[in-house]
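Values below: every heavy atom of this structure, side chains too, minus hydrogens, waters and symmetry copies. Everything numeric here is computed off the predicted structure, so don't read it as measured data.
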Amino acid sequence: MLYLKNILSALILPPLGPLMLVALGLLLLGWLPRIGRVVAWSGIAVGIAMITPASVGTLLEPLEDIPVVEPAGLAGADAIVILSGGLRDYAPEYGGATVNRVTLERVRYGARLARQSGLPVLVSGGTPSRHAGARGPGEAELMKKTLEEDFRVPVKWVEGRSLDTRQNADFSAQMLRPAGVKRVVLVTHAAHMRRSVEAFEHAGLAVIPAPTAFFGGRGKDDNLLPRLPGINTAYAGGYAAHEWVGILAYRLSR
């Protein structure tokens, strides 16, 4: 089911989704020329919209409309949960696999909050690394290694079975409830927070959102959403589209 979901996502989301529309439109030109032109131009329009800052910002704004957590806001929490965002299989400078840049952004902020609050940390993510055909450590194990070796922050729980956000929430809750944890500080990308909060609350945990790595917002610079179309805008647009589809799929299947 997970592989089917990933295949469907790849087919409908940027960058492949708009190209599929264009290809379908071209195929229809011979039989239904008017419909074919509409479909093909729709694919081009969607592709342009997903790299245009104004339209991408419109998609991102409701996703990232979450305030940054203040130190006082950590009071009452029982633990910090950091969600994985992928890994890098080939990292010879680290002796094998390591966390990718998305996960690293979350780990860095989670480490900061852990030092500020003294709260215990859970890392969640089960996709295993694979290099030269061998199965290696999973995302959560790599997150633990990064936190403890690079940030000097201990990790109390390692949830290494989950393969998506729903499983992040369900499996983390299963580990935390026996320890008496009822309220967690949840660390993930701002654009991913809305879906993550829904999943963790549905799993029975109270959530204090701790968003990081905003794509949009005021004071944009080269690391956020640029003013002109480019690689960063395309990435942000694809991320936003993925989140909206994920929210819809989560609510329909809940």
Side-chain angles (χ1 to χ4, degrees), residues 9 59-70 73-74 77-88 99-114 116-117 119-127 138-144 146-147 151 153 155-173 175-176 181 183-217 223-225 235-236 238-247 249-251:
S9 295
L59 286 176
L60 283 171
E61 187 173 355
L63 291 173
E64 296 190 332
D65 188 21
I66 303 167
V68 174
V69 66
E70 299 293 339
L74 304 176
D78 303 309
I80 294 172
V81 175
I82 309 173
L83 303 186
S84 64
L87 51 79
R88 183 182 293 275
V99 297
N100 69 3
R101 64 185 182 89
V102 175
T103 301
L104 184 60
E105 287 180 311
R106 301 175 185 183
V107 163
R108 179 189 178 192
Y109 188 50
R112 181 184 182 91
L113 296 179
Q116 288 177 347
S117 65
L119 291 169
V121 173
L122 179 146
V123 291
S124 177
T127 303
E139 290 172 304
E141 297 171 72
L142 294 171
M143 293 167 74
K144 179 179 189 296
T146 301
L147 279 164
F151 293 95
V153 170
V155 173
K156 186 170 184 179
W157 301 280
V158 177
E159 185 288 292
R161 295 186 296 148
S162 57
L163 298 176
D164 58 21
T165 304
R166 186 196 303 266
Q167 290 184 355
N168 286 147
D170 292 342
F171 296 157
S172 294
M175 296 184 75
L176 293 173
V181 174
R183 183 183 296 272
V184 300
V185 178
L186 185 60
V187 179
T188 189
H189 273 54
H192 183 231
M193 185 60 74
R194 182 169 171 174
R195 181 158 59 108
S196 301
V197 169
E198 285 192 24
F200 273 78
E201 289 181 342
H202 189 259
L205 294 171
V207 177
I208 299 172
T212 188
F214 289 78
F215 290 113
N223 296 320
L224 301 174
L225 192 63
Y235 177 75
Y239 199 113
H242 174 84
E243 286 305 314
W244 282 116
V245 171
I247 290 171
Y250 178 78
R251 291 179 179 177

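- Between the side chain of N100 and the backbone N or O of R88, no donor-acceptor pair lies under 3.5 Å.
- Applying the side chain to side chain donor-acceptor pair (under 3.5 Å) test to R161 and every residue at least two apart in sequence or in another chain returns Q174.
- The two residues V197 and P209 make their nearest non-hydrogen contact at CG2-CG, 4.1 Å.
- In this structure S117 satisfies the side chain to side chain donor-acceptor pair (under 3.5 Å) test with no other residue, sequence neighbours excluded.
- Taking all atoms of both residues into account, the shortest heavy-atom contact from A213 to E64 is O-OE2, 4.4 Å.
- Atom-to-atom distance recorded for L119:CG and K156:NZ is 11.0 Å, nearest 0.5 angstrom.
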Take F151 and R112 through the side chain to side chain contact (heavy atoms under 4.5 Å, CB included) test and state the conclusion after the steps. CA-CA 9 Å; F151 293 95; R112 181 184 182 91; over 6 Å; no

What verdict does the side chain to side chain contact (heavy atoms under 4.5 Å, CB included) test give for T103 and M143, after you've listed the backbone C-alpha separation in whole Å, the side-chain angles of each residue and the deciding distance to 0.1 Å? CA-CA 8 Å; T103 301; M143 293 167 74; 3.5 Å; yes

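- Partners of L59 according to the side-chain contact (heavy atoms from CB on, under 4.5 Å) rule, which considers only residues two or more places apart in sequence or in another chain, are M50, A240, W244.
- Here the closest heavy-atom approach between residue A140 and residue V158 is recorded as CB-CG1, 3.6 Å.
- Remark: R251 engages E198 in a salt bridge (Lys or Arg N to Asp or Glu O under 4.0 Å) (not counting sequence neighbours).
- We find the CG-CG distance between L83 and L186 to be 5.0 Å, quoted to the nearest 0.5 Å.
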Determine whether S172 and F200 satisfy the following criterion, side chain to side chain contact (heavy atoms under 4.5 Å, CB included), listing intermediate values before the conclusion. CA-CA 9 Å; S172 294; F200 273 78; 3.9 Å; yes

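- Scanning for salt bridge (Lys or Arg N to Asp or Glu O under 4.0 Å) contacts around R195 gives E243, with sequence neighbours left out.
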Is there a side chain to side chain contact (heavy atoms under 4.5 Å, CB included) between T165 and Y250? Walk through the geometry before answering. CA-CA 9 Å; T165 304; Y250 178 78; over 6 Å; no

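- A heavy-atom distance below 4.5 Å is found between the side chains of L113 and Q116.
- Every side-chain contact (heavy atoms from CB on, under 4.5 Å) that E139 has, sequence neighbours left out, goes to S84, L87, T127.
- Of the possible polar contacts, none joining the E141 side chain to the G160 backbone as a donor-acceptor pair under 3.5 Å is found.
- Nearest heavy atoms, A203 versus D170: CB-OD1, 3.7 Å.
- Interatomic distance, M193 CE to T212 OG1, rounded to the nearest 0.5 Å: 9.0 Å.
- No option in L176, N168, V123 other than N168 meets the side-chain contact (heavy atoms from CB on, under 4.5 Å) test with E159.
- Scanning both residues, S196 and T188, for their nearest heavy atoms gives OG-CG2, 3.9 Å.
- In terms of heavy atoms, I66 sits closest to A190 at CD1-O, 4.0 Å.
- Proximity of L122 to V181: side-chain heavy atoms (C-beta onward) are nowhere separated by under 4.5 Å.
- Taking 4.5 Å as the limit, some side-chain heavy atom of I82 sits within range of a side-chain heavy atom of L147.
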